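One structure is given here, and the rest of the page talks about it.
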Amino acid sequence: MKATAVRLHGKKDLRLETYELPAIKDDEILAKVISDSVCMSTYKAAIQGSDHKRVPADIAEFPIVVGHEFAGEIVEVGKKWKSQFSPGKMFSIQPNINSRGLGYAPGYSFPFFGGDATYIVIPAEVMEKGCLLDYEGDSIFKASLSEPMSCIIAAFHASYHTKDDGQAHKMGIIDGGTMAILAGVGPMGMGAIDIALHGERKPKLLVVTDIDDSRLERAKSIFTPEAAAKDGTRLEYVNTKGLPDAEKYLRDLTDGKGFDDVFIFAPVKPVVELGDRILGKDGCMNFFAGPTDPKFSAEFNFYNVHYSATHIVGTSGGNTRNMVEALDLMGKGLVNPAVMVTHVGGLDSAAETTLNLPQIPGGKKLIYPHIKMELTAIDDMAEKGKNDPLFAKLADLMQKSKGLWSADAEKYLLANAKPM
Ligand SMILES: NC(=O)c1ccc[n+]([C@@H]2O[C@H](COP(=O)([O-])OP(=O)(O)OC[C@H]3O[C@@H](n4cnc5c(N)ncnc54)[C@H](O)[C@@H]3O)[C@@H](O)[C@H]2O)c1
Ligand SMILES: [Zn+2]
């Protein structure tokens, strides 16, 4: 059968193309991809081509399908997996499969397996490693976003404290503690706020900083301090730009004690150094941001490491367990990854979106591989709706969900947009 996908042929060389998909072997699965969310890591891979550690050397000959935050429907199951998987079922994928021990993964390393494709062949090792997951949510885009959500969950688990003892590491953020998320209203920060407010451990104080007023306003309208207070968390948003003494301002919010958990969501030296300075006793700084500079470094106060037990941790990505946890939180309606989404487009917009990702404002961009549609900001849909009934209806549907992308909007789009 034919598949259409965006494939990487070399540095900055992404092409939308249609090709013959090989028939599945007994240990493979054929699947339809329904949604893929675009990741900054894919942008990096597209720019670096084969210099990226996950991208094979021979992509000029065997181009790879990009996109690793995807979900969809199983179409055909090879003999080996018939007792475990069946056609028609929805799936989500944990992409960190570390194929061949080389870090190879969907979206970076395979010619017929990645998110920006109409149909894919899922290799045996994905099932063997338990990375093909059942999904039973109300909308497929949430399954795509379970991947970035799983990274945040991983980070929340990796933070640690040594309270009372000083020797045993107690894993995870402090329940009922004080938390700061610095540079925290980008898409990943939004997910982190959601998990902090609605996950299994909740801080009693959550301070979110950024320097972007419009993003801060959006965050405040989605996660209101009033609603957080009802759930037991005092939530404060702070624009640190122009604050004469951000350290003092933030510390004062903890009555001078400093924070138990500090998360850094931008790879910016002054942000990391501010994070260090606002740590309390036994405070853990979690460097979540992914720097591009291999020499990225910042100052850390070692007097405090010695006398106040401050410490640091960092994670990159999550594992299957974290993804199952993310799917579970979503399934229970506790967290809603729609808060990350600001744009929606069809497969014909995926290559351009990926190559220009750093210049496109907003949060996560969702690609629906079976439709044709230019990348459209959710906030522009009402305006565009004046000339296009599709956008008018989508804007109308999103009124029910505080202007956020939703299951209803997704269903309507998939049923009514131009097919790919
Ligand atoms: N650890 C992981 O597993 C993992 C997974 C995905 C993404 N990431 C990383 O998470 C980070 C955040 O991702 P994102 O998509 O939300 O990025 P983003 O760039 O959209 O958001 C970062 C935010 O930082 C703010 N910011 C920039 N400079 C600042 C400063 N000096 N002071 C305060 N705020 C400042 C920006 O206004 C923006 O809102 C990225 O670095 C990304 O690489 C990590
Ligand atoms: Zn990703």
Side-chain angles (χ1 to χ4, degrees), residues 36-46 54 66-71 92-96 105-108 114-116 144-159 180-195 207-220 237-243 246-247 249-250 262-275 278 286-293 296 298 313-319 322-323 326 337 339-343 354 357-367:
D36 176 60
S37 46
V38 184
C39 183
M40 199 55 91
S41 314
T42 302
Y43 163 78
K44 290 179 197 162
R54 292 181 163 184
V66 294
H68 59 268
E69 299 177 1
F70 61 100
S92 173
I93 277 194
Q94 197 289 101
N96 288 327
Y108 300 91
D116 285 335
S144 284
L145 292 165
S146 65
E147 194 275 338
M149 280 297 206
S150 75
C151 299
I152 302 166
I153 288 174
F156 276 43
H157 287 321
S159 287
I181 303 178
L182 305 190
V185 291
M188 298 305 288
M190 291 293 285
I193 299 170
D194 203 1
I195 290 172
V207 178
V208 180
T209 76
D210 208 281
I211 48 172
D212 182 325
D213 264 327
S214 65
R215 281 184 163 192
L216 279 163
E217 278 312 309
R218 177 175 180 266
K220 200 171 179 175
Y237 293 95
V238 181
N239 188 335
T240 44
K241 194 177 188 170
L243 262 190
E247 174 186 347
Y249 186 92
L250 296 175
V262 173
F263 284 82
I264 309 293
F265 272 71
V268 176
K269 189 170 182 241
V271 179
V272 177
E273 293 179 346
L274 176 63
I278 61 171
N286 191 311
F287 185 60
F288 183 85
T292 41
D293 174 6
F296 181 83
V313 71
T315 52
S316 174
N319 60 25
N322 305 137
M323 192 138 168
V339 299
M340 299 170 150
V341 179
T342 55
H343 294 67
T354 304
L357 201 57
Q359 287 83 46
I360 311 174
K364 277 279 179 194
K365 282 83 194 170
L366 269 184
I367 298 294

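First listed ligand is number 1; within each ligand, the first listed atom is number 1. None of the values given here were measured: they were computed from a predicted structure.
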What residues come within 4.0 Å of ligand 1, counting heavy atoms only? C151, A183, V185, G186, P187, M188, D210, I211, D212, R215, F265, A266, P267, V268, V271, F288, A289, G290, T315, S316, G317

Run the side chain to side chain donor-acceptor pair (under 3.5 Å) test against S214 and tell me which residues pass, sequence neighbours left out. D212

Check salt bridge (Lys or Arg N to Asp or Glu O under 4.0 Å) between E217 and all other residues, then give those that pass, not counting sequence neighbours. none

Can you tell me if [X] uses its side chain to pair, donor with acceptor, with the backbone of [Y] under 3.5 Å?
X	Y	result
T342	G363	yes
N96	G318	yes
T209	A183	yes
D36	E69	yes

What protein N/O/S atoms lie closer than 2.8 Å to the Zn ion (ligand 2)? C39 SG, H68 NE2, E69 OE2

Is there side-chain contact between S41 and H68, with heavy atoms separated by less than 4.5 Å?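 Counting from C-beta outward, S41 and H68 do come under 4.5 Å.
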
Measure the shortest side-chain to side-chain distance between K364 and C39 over non-hydrogen atoms and say whether it is less than 4.5 angstrom. yes

Which heavy atom in G362 sits nearest to a heavy atom in P187, and how many Å separate them?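 Minimum heavy-atom separation between G362 and P187: O-CD, 4.2 Å.
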
